[in-house]
Novice: 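So that we are looking at the same thing, I have put the structure below in structure tokens.
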Number of protein chains: 2
Amino acid sequence: MSANYLAGPQGLLWSINARAVLDVIDREGPLGRPEITRATGLSKTTVAQALRELVARGAVEEAGADTTRRGPAATLYRIAPRCALALGVDIGHLRIRAVLVDAVGETLAQAETRAPRRRVADTAAAVAALAAECAGRAGTEPGAVGQAVVGVPAVVARDGRTVRRAYGLPQGGRGLAEAIERDLPVPLLLENDVNLAAVAEQRFGACAGVADFVLLGVGVGLGAGIVLGGRLHRGFAGGAGEVAFLPHPATELGTEVLGARRIAEQARRAGIEGSPSTREIFDSARAGDERALAVVDATARRIAHVAASVALVIEPELFVLGGAFGASADLLLGRIRRHLARDAAPLPIRIVASGVPGDPVLRGASWLARHRARERAFAAAVGGRPHETAAGGPYDVATGGPYDTDLAGAGKGDIT
Amino acid sequence: MSANYLAGPQGLLWSINARAVLDVIDREGPLGRPEITRATGLSKTTVAQALRELVARGAVEEAGADTTRRGPAATLYRIAPRCALALGVDIGHLRIRAVLVDAVGETLAQAETRAPRRRVADTAAAVAALAAECAGRAGTEPGAVGQAVVGVPAVVARDGRTVRRAYGLPQGGRGLAEAIERDLPVPLLLENDVNLAAVAEQRFGACAGVADFVLLGVGVGLGAGIVLGGRLHRGFAGGAGEVAFLPHPATELGTEVLGARRIAEQARRAGIEGSPSTREIFDSARAGDERALAVVDATARRIAHVAASVALVIEPELFVLGGAFGASADLLLGRIRRHLARDAAPLPIRIVASGVPGDPVLRGASWLARHRARERAFAAAVGGRPHETAAGGPYDVATGGPYDTDLAGAGKGDIT
DNA sequence: GAGTAGGTCGGAAACTTTCCTACTCGGAGT
DNA sequence: ACTCCGAGTAGGAAAGTTTCCGACCTACTC
């Protein structure tokens, strides 16, 4: 009822300190008690108490002993890998991939299948089947998954369930989310695929430690995953980053600047016959075909144009070239930089190639799923000690603290 | 050294609870003890203790008694207005305005002067003189100001001191900040004027409670103040929102889409003679002059174009039309909406007129200055009880808590 | 007299300091 | 080469401190 004023009883201190212990262990790997004491600034008595409780609750477990120092061996502690399971799914145009990871990010199982074309129910069933397959291989069951994040090639509203403008997806609305939840009853979040690729870039790729960057995903369409202040920026209705529709001098308003269709059109215009796929055009270009190179250059120019426009609006620290044709960075990057240098910008623009190996969408999905599953598990382990008053102050560590991961909320921040 | 893990001794609880009390009083005006007790969820003993301490430290003061209920009158408490003074300054092309406000936002004094043209030292001296004038009228001295925020028509780096691309400002670099600080030795922050107008819009205008919005400032140039998640988005080097350079079909790259110069050019093209000022053109248009109306319409079209581009990148909830010609919203708004509906957008775009009376830049500057001055005063009042151990845990309420208002830091957030 | 404001006191919870035991490594002495 | 002992470290327990809370009491006004 009353807003969250972050006031609380003494039990609050325990939550705060237990959480601090958890965070230290999480960041700095297996750690001995003395090191945790130093890192948190707490007394060793308190740390010992917190560790006992966290182990009892299953969030932390012992991990051998540290014998590097002299004296008695220090017990090491680590996050319990099984305290949270997470499922990442990438629904692409051709394939659906899934990966099951544990709380420390270890891959437990992977699976993939052909993407069914038509019906939402088929897609949902495929996702559930992959989840079951992964769970089976990992020796657990699908219901044990603490969070599933599903990447889709569509605009997803901030509720993480409503889908708009679904390129190639069966249909819009909340149908897909509900169908998946029926078949796979675990906490679910849909997310735009480019956004997830951006998350992957932030966690595993070229943008570690960069607070503001934009991932340009070049694939069937062109989309941007925008990270500002270390957080995904989704826009009011999830439509941020739909940069394919940015006005371009050579393109009518309301049509896409770039995408497979437009590349094909340019290929025709360049006199390339037989309507080859984009991949084939890039391969030809790499082999030195002049006309294909012209198409590549035109593509690079349009990407540069989009990057310049985006930069003028939000001025990120870095652009990353990703997506299906991020693999063609060798061809594109230099040309994009040249166009940027020539045409664009009163401000310098840095652009680099994606640094994420494998399927970035899948990695982003599994990272986000893991983050959320773990956040929930941690909050449960830290919140509400058994002997706390049932009333529960207005403070709730699960959502109120500085660890807020709420995605749905409007996030009416108060700070400028 | 060790990162901030938000762990702390018992004194931390006092900080948290005192801060909660302070926040409640701040938000809900003068309040009696029982109401504070209810709002914070703390016990009345604790609240009483906190209030005693806060009053002793000067952050809170008594404000009469509440006799509406029966029984003994409840003592009311409010934020002590004088616990923080703040100075807002708007350095415009023609005039420099300053306003001195207290901790609760009351205007204590205002002053203005002609903007000196050439030298940085003159500008700085003018600012200091205005500050002295305000302080004198308010019965205090300039040194008592807890924070000064100076709005400038230029790009300001995230350090709040380095100026780039200064339209009409004497020169770039850190010269201005340093000169002002010499003449007026108080905590100083320079900020882009359009950004400050956006802050004003958020606090006093059309965007109260809107987390994501963009203020389009139409004046000598065109700039955007971007608020995302309730926070100003400044960009990597403070250059976010330089939307005047967005590519436009009818404009060569690298030139501004809109601004006084371009409006004049359009007026010439429309056959208007005598090179009238923008204001005169708008006045003619309001009087029904066809050619002037054409210029206005062209202006509206360009604003719509910019808004559409911005929306495709960040999809704010709302656009606000402000700046020097925000006053001409009656002429522009309908036309902008018409152009948006026609040309633009796969997504709907809401745009409204500014809701801030007076000088938005000045109001934004004084709000931000007040916010920062108060934040510092509150942190001081809440942090470090006298009888606390000198050691001091790694937790620091001043900067570490959920009340972080750091502007300079890169803000390497960890949450997606 | 009922309802409310404000104060005080004792108890409970949580953190810290201090003291103590146990363990291991390494060097010195036999 | 073996043994012994001191220094440094890990872990635990007890006492002390700080803080919050509930309960009781007084005083005030309708």
Side-chain angles (χ1 to χ4, degrees), chain A residues 5-21 30-38 40-53 55 62-77 382 384-395, chain B residues 5-21 30-38 40-53 55 62-77 382 384-395:
Chain A
Y5 290 120
L6 186 65
Q10 289 184 279
L12 172 59
L13 252 192
W14 186 83
S15 292
I16 289 174
N17 289 338
R19 178 73 210 208
V21 169
L31 233 52
R33 241 186 265 196
E35 286 165 284
I36 299 172
T37 304
R38 271 191 294 278
T40 58
L42 296 168
S43 73
K44 61 177 185 164
T45 314
T46 305
V47 169
Q49 177 72 18
L51 283 172
R52 250 195 306 279
E53 194 69 31
V55 169
E62 297 189 2
D66 175 16
T67 57
T68 58
R69 265 177 287 257
R70 74 173 155 182
T75 315
L76 293 175
Y77 293 87
V382 151
R385 273 194 122 178
H387 45 77
E388 200 176 1
T389 52
Y395 183 89
Chain B
Y5 291 119
L6 184 66
Q10 288 184 279
L12 172 60
L13 252 192
W14 186 84
S15 294
I16 290 174
N17 289 338
R19 178 73 210 208
V21 170
L31 232 53
R33 242 187 266 195
E35 286 164 286
I36 298 172
T37 304
R38 272 190 295 279
T40 59
L42 296 168
S43 75
K44 68 175 184 166
T45 318
T46 305
V47 170
Q49 177 73 18
L51 284 172
R52 250 194 307 278
E53 193 70 31
V55 169
E62 297 190 5
D66 174 17
T67 56
T68 57
R69 265 177 288 257
R70 74 171 155 183
T75 315
L76 292 176
Y77 293 88
V382 150
R385 275 194 120 176
H387 43 78
E388 199 176 3
T389 51
Y395 184 90

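Numbers restart at 1 for each chain; the letters A, B, ... are given by sequence-line order, proteins then strands.
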Novice: Would you mind telling me which residue lines up with the more 5' stretch of DNA chain D, Thr46(B) or Gly32(A), judged by nearest nucleotide?
Specialist: Gly32(A)
Novice: Heavy atoms under 4.0 Å, any strand shown: does Ala48(A) hit a base, just sugar-phosphate, or nothing?
Specialist: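 Here Ala48(A) touches no strand at all.
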Novice: What nucleotide, of dT16(C), dC21(D), dA5(C), holds the atom closest to the side chain of Leu42(A)?
Specialist: dT16(C)
Novice: Does Arg33(B) have a side-chain nitrogen or oxygen under 4.0 Å from the phosphate oxygens OP1 or OP2 of dG7(C)?
Specialist: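 Arg33(B) to dG7(C) OP1/OP2: side-chain N or O found under 4.0 Å.
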Novice: So, under a plain 3.5 Å distance rule, would you say the side chain of Thr45(B) forms a donor-acceptor pair with the base of dG22(D)?
Specialist: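 Indeed, a donor on one side and an acceptor on the other fall under 3.5 Å apart.
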Novice: Using only side-chain N and O atoms of Thr75(B), determine if any of them is under 4.0 Å from OP1 or OP2 of dA5(C).
Specialist: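 So the side chain of Thr75(B) is outside the cut-off, no N or O lying under 4.0 Å from OP1 or OP2 of dA5(C).
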Novice: Mind checking whether Val47(B) and Leu51(B) have side chains closer than 4.5 Å, heavy atoms only?
Specialist: yes
Novice: Carefully, step by step, assess Leu12(B) and Leu13(A) under the rule side-chain contact (heavy atoms from CB on, under 4.5 Å).
Specialist: CA-CA 8 Å; Leu12(B) 172 60; Leu13(A) 252 192; 4.0 Å; yes
Novice: OP1 or OP2 of dC28(D) sitting under 4.0 Å from any side-chain N/O of Arg70(B)?
Specialist: no
Novice: In terms of the nearest nucleotide of DNA chain C, which residue is placed more toward the 5' end: Leu13(A) or Gly71(B)?
Specialist: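 The residue mapped nearer the 5' terminus is Gly71(B).
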Novice: Is Arg69(B) near enough to dT29(D) that one of its side-chain N or O atoms lies under 4.0 angstrom from OP1 or OP2?
Specialist: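 No, Arg69(B) has no side-chain N/O under 4.0 Å of OP1/OP2 on dT29(D).
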Novice: If every non-hydrogen atom of Val382(B) is compared with every non-hydrogen atom of Ser15(B), which pair is closest and at what distance?
Specialist: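 Reported closest heavy-atom pair: O-OG, 3.1 Å.
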Novice: Any donor-acceptor pair under 3.5 Å joining the side chain of Gln10(B) to the base of dT18(D)?
Specialist: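 Yes, a donor-acceptor pair under 3.5 Å.
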Novice: Separation of Arg52(A) atom CZ from dA14(C) atom P, in whole Å?
Specialist: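 Value for this atom pair: 14 Å.
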Novice: Starting at the 5' end of DNA chain C, which residue's closest nucleotide do you reach first, Thr67(A) or Ala73(B)?
Specialist: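 The 5'-side residue here is Ala73(B).
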Novice: Just N and O in the side chain of Asn17(B): are any of them under 4.0 Å from OP1 or OP2 of dC20(D)?
Specialist: yes
Novice: Run Ile16(B) and Ile16(A) through side-chain contact (heavy atoms from CB on, under 4.5 Å) and show every step you take.
Specialist: CA-CA 11 Å; Ile16(B) 290 174; Ile16(A) 289 174; 3.6 Å; yes
